[in-house]
Protein chains: 2
Amino acid sequence: MRILIVEDEKKVAGFIKKGLEEETYAVDVAYDGEEGFHLADMNEYDLIILDLMLPKMDGLEVLTRLRDKKVNTPILLLTAKDAVEDRVTGLNKGADDYLTKPFAFSELLARIRSLLRRGQAETQTELKVGDLCLDMVSHKVSRNGEEIELTGKEYSLLEYFMRNEGKVLTRTMIAEHVWDYNFDTFTNVIDVYVNHLRKKIDKKYPAKLLHTLRGVGYVMRV
Amino acid sequence: MRILIVEDEKKVAGFIKKGLEEETYAVDVAYDGEEGFHLADMNEYDLIILDLMLPKMDGLEVLTRLRDKKVNTPILLLTAKDAVEDRVTGLNKGADDYLTKPFAFSELLARIRSLLRRGQAETQTELKVGDLCLDMVSHKVSRNGEEIELTGKEYSLLEYFMRNEGKVLTRTMIAEHVWDYNFDTFTNVIDVYVNHLRKKIDKKYPAKLLHTLRGVGYVMRV
DNA sequence: ATATTTTCATTAAATTTTTGGTTCATTGAA
DNA sequence: TTCAATGAACCAAAAATTTAATGAAAATAT
């Protein structure tokens, strides 16, 4: 899952980024409204965390412009405690939730999880494909009951595949959701990681889950 | 364990804060009802000590609003000796216990301990992970029978790990529960303390209890 | 004055990415 | 139908990068 943070206070942005990376999200940061708008417009984020008080372009304008352009990524607003009006305006203009500053990271995380779950069965924290099982809270993965150890990137990649069971995922799509802004198109890291994953989740089982579609991409299915 | 004190009398607040910090709790203080409500709402405290007589927002209202927002942190009320009615109302509105002013610190401490134990086996004051043993009353820690000397922070950190045996704890989570509001994200104190702890509890034993999950955090398990 | 807590710099280790040879599947010519 | 030729995918291992462990100094609190 890839998240954009639009926040000018370096310290706050850094704090959120670090916390989210510990949770294995891919995170980009924009330090003003203009940059935030462009990044959100050019990339397909799974979630945007948007501060309302921003230099160059106000958060509400970023929000409005994005919704005008039919970008319908979930947006979580960060507002000052007393900015009740902005909050209401924000929700009316299409934001999905808000949090007043200062906030505890655990609170932010809970809201992010809930926004990202939107659409899928609510309150569900487990993904299953065949006998492969992934818990999004504890980050534990097992197949056929046996626990499997994964590194951060391996975990993110697997989560993305499992969230999209049966859908064909091109390398471009994978790069957009599992890697961040600095991804280099002309590399085969994705192939290499698919290989790493296969070794861990498919190798010793006869029923393979991760399939190659030559010239197109990969798909996970039983 | 992190505790919030909502109390307008500076002297009382200071007295409790100091005493609790000596017991190695991380303590925040709010001096009026509004501030108390916001802090309690935004952070994940393990316990809240709430005076009923407060400026800006009355203690009962703080309590009611918190419970309405599904904040179910244990709450200990402080009331005047003759305010029987408020006490009853408070307990009905979801407070967990009360203490009439003035009170002895030891009495407060006993009740806090009992509230924090809630959920775990009653009357149990010991935490055990493998052959590592921690007594929450005497603050004594031993492994394999040998007593281990810990400083305050080391003790808090270890207690947090042991209360959450088997759960992966990110640095962000550790900071939220073992340090207080003023924690700086861009420091490696947590790493350093984990190192201190390991020297004392793991170094001479072959079976390590404190494990690193690279890029994510730490976990305590046998 | 002493012990604890925090910061800083260095070292060590694991993950991530790149590299480059190998294998595999598809396609068009024999 | 078979056989190169081609390009895509795979994979092992090296290189680069990131992250954690550690010792020691500095700051802070007792």
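So you know, we letter chains A, B, ... as the sequences are listed, proteins then strands, and number each from 1.
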Separation of C/dT5 atom P from B/Asp191 atom CG, nearest Å, is 17 Å

Say whether B/Thr212 and B/Arg198, considering side chains only, have a donor N or O and an acceptor N or O under 3.5 Å apart. yes

Phosphate contact (D/dG23 OP1 or OP2) by B/Lys199 side-chain N/O below 4.0 Å
yes

Going 5' to 3' through nucleotides 6-11 of chain C and flagging B where a protein heavy-atom sits under 4.0 Å of the base, S where only the sugar-phosphate is that close, and - otherwise, we get BBBB--

Of A/Asn43, A/Val27, A/Val178, A/Leu47, the one forming a side-chain contact (heavy atoms from CB on, under 4.5 Å) with A/Arg2 is A/Asn43

Query raised in the report: With a non-hydrogen cut-off below 4.0 angstrom, is B/Phe186 in contact with a base, only sugar-phosphate, or nothing?
Result: nothing

Rounded to whole Å, the CD-C1' distance (B/Glu149 to C/dT4) equals 14 Å

Atom NE2 of B/His211 and atom P of C/dA14 are separated, to the nearest Å, by 14 Å

To the nearest angstrom, the CG-C1' distance between B/Leu213 and C/dA14 comes to 13 Å

Exercise. Between C/dT5 and B/Thr151, is there an OP1 or OP2 to side-chain N/O distance shorter than 4.0 Å?
Worked result: yes

Using side-chain heavy atoms (C-beta onward) and a distance below 4.5 Å, is B/Glu159 in contact with B/Leu134?
yes

Assert: residue with more 5' nearest nucleotide on DNA chain D, out of A/Gly215 and A/Lys203, is A/Gly215

Taken to the nearest whole Å, CG/A/Asn195 to C1'/C/dT19 is 15 Å

Would you say the ring centroid of B/His211 lies under 6.0 angstrom from that of B/Tyr218? no

Checklist entry - Does the ring of A/Tyr31 carry A/Lys10 above it, NZ/CZ under 6.0 angstrom from centre and within 45° of its axis? => result yes

Polar pair under 3.5 Å, donor/acceptor by atom type, side chain B/Arg214, base D/dT19: yes

query = Any side-chain N or O of B/Thr212 less than 4.0 Å from the OP1 or OP2 oxygen of D/dT19?
reply = no

| request: May I ask you to say what B/Tyr155 touches in the nucleic acid, namely base, sugar-phosphate or nothing, with a heavy-atom cut-off under 4.0 Å? | output: nothing

From NZ of A/Lys18 across to C1' of D/dA20 the rounded distance in Å is 12 Å

| message | Taking 4.0 Å as the cut-off, does a side-chain nitrogen or oxygen of A/Arg171 come that near to OP1 or OP2 on D/dA9? | response | yes

To the nearest angstrom, the CG-P distance between B/Leu210 and D/dT22 comes to 11 Å

### Task
Could you please spell out the steps behind the salt bridge (Lys or Arg N to Asp or Glu O under 4.0 Å) verdict for A/Glu9 and A/Lys101?
CA-CA 12 Å; A/Glu9 290 175 67; A/Lys101 293 208 274 189; 2.8 Å; yes

Phosphate-side-chain proximity, B/Tyr218 and D/dA21, N/O vs OP1/OP2 below 4.0 Å: yes

Distance-only, no hydrogens or angles: does the B/Glu165 side chain make a donor-acceptor pair with backbone N or O of B/Met162 under 3.5 Å?
-> no

B/Glu21 atom CD is separated from D/dT28 atom C1', nearest whole Å, by 14 Å

